[in-house]
Amino acid sequence: MNADLHCHSVVSDGTLTPEALAARAKANAVELWALTDHDEVSGQERALAAAKAQGLPYLTGTEISVTFAHQTVHIVGLGFDPHNTALKNGLHKTRGGRSDRAQEMADGLAKVGILNAYQGALQYVGNPELISRTHFARHLVESGVCNDTSEVFRKYLTEGKPGFVPHRWARLQEAVQWITDAGGVAVIAHPARYGFTPNEEYALFSEFKAHGGRGVEVVTGSHSSQEALRYADMAIEFELAASRGSDFHSPDESRIDLGGLPLLPGQLTPVWSLLTDRIQ
Ligand code: AMP
Ligand code: MN
Ligand code: MN
Ligand code: MN
């Protein structure tokens with residue numbers, strides 16, 4: 001099935017509205033869709049209404065920022081109740097501190113001669129509680145400092161670079177519990193992106209499972225075909241269901257369009273088979 005269970009709107013760091021994403025998903029033959037804004041569920045009602053208007057089956061979604069083994073890991077939640085109070089409070093807490101962090105990022109950039117980056121990044125922010133590195137990257141491209149967003153991340157926004165500010169996000173256990181207690185399924189997002197040692201990765205997968213996590217992204221816009229095969233094996237080894245999502249952010253920036261990924265390898269349990277009663 002052409003399920004696309006990972007993408008971003010203007011509610012976090014995407015450039016399209018939930019309505020435009022629903023139309024794009026439909027036009028690209030997506031058969032099951034989820035909008036997964038970072039640390040936010042305030043776009044869920046719009047996404048569901050837009051999906052319904054397109055005749056597109058929908059699962060609620062979010063992507064929670066977690067700190068694990070001194071790294072940022074993303075946990076996708078699918079099929080939860082978006083009105084659940086503990087989940088909403090947890091996401092609110094996770095969003096907190098982004099403004100202060102962004103000010104510190106701008107201070108770091110000012111030291112290398114890039115002035116007023118905070119004000120610049122704010123121009124691209126759709127949700128004031130969700131200023132992210134992506135908004136700084138767009139500003140530095142538009143103002144001619146770099147040619148594209150990946151150059152901005154490489155030179156300025158990753159560990160050790162002038163605009164990088166370490167941040168403590170949610171704990172793995174909290175994120176998994178918020179999602180599962182709200183009736184959803186927790187999924188490890190794009191595992192190949194983290195650069196963990198084999199021991200750290202084993203710890204991530206085992207602790208995630210122990211806390212009640214049930215899925216892992218296998219086919220994603222962030223994985224090569226070799227990485228997809230590797231995490232297909234990991235899904236089988238850890239008895240996790242497999243998810244599939246483009247991680248689409250913008251027509252100008254994203255390598256993979258909504259609905260543009262290869263299918264999941266056949267021997268895996270698709271995560272949506274755990275969520276048939278949650279599809280709207
Ligand atoms: P933040 O939550 O503020 O740390 O921002 C993280 C976001 O930055 C991710 O969700 C991606 O959208 C984006 N991102 C991270 N690394 C890169 C990269 N190397 N190139 C482009 N975008 C990136
Ligand atoms: Mn993002
Ligand atoms: Mn992510
Ligand atoms: Mn994402």
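Keep in mind that what you see is a predicted model, and the values were worked out from it rather than measured. In each ligand, atom 1 is the first atom listed, and ligand 1 is the first ligand listed.
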### Message
Between E253 and R138, does any NZ, NE, NH1 or NH2 come within less than 4.0 Å of an OD or OE carboxylate oxygen?
### Response
yes

### Query
Testing W272, F248, Y58 for ring pair (Phe, Tyr, Trp, His ring centres under 6.0 Å) with W33, which one passes?
Y58

### Query
Which single N/O/S atom of E63 lies at minimum distance from the Mn ion (ligand 3)?
OE2

#### Entry: Contact check: H190 to the Mn ion (ligand 4), N/O/S below 2.8 Å
no

#### Entry: For the Mn ion (ligand 3), the closest N/O/S atom belonging to H74
ND1

### Query
Should R230 and E201 count as an ion pair when the cut-off is N to O under 4.0 Å?
yes

### Query
Going by an N to O cut-off under 4.0 Å, is there a salt bridge joining R46 and E19?
yes

#### Entry: Residue D13, metal the Mn ion (ligand 2), N/O/S under 2.8 Å
yes

## Note on the structure
To the Mn ion (ligand 4), the closest N, O or S atom belonging to D247 is OD1

### R133 bridged to D13 by N-O distance under 4.0 Å
no

### Query
Angle subtended at the Mn ion (ligand 4) by NE2 of H6 and NE2 of H8, to 10 degrees?
100°

### Angular separation of NE2 (H38) and NE2 (H249) seen from the Mn ion (ligand 2), to 10°
120°

### Message
Are there over 12 heavy-atom neighbours, none belonging to E159, within less than 6.0 Å of that residue's CD?
### Response
no

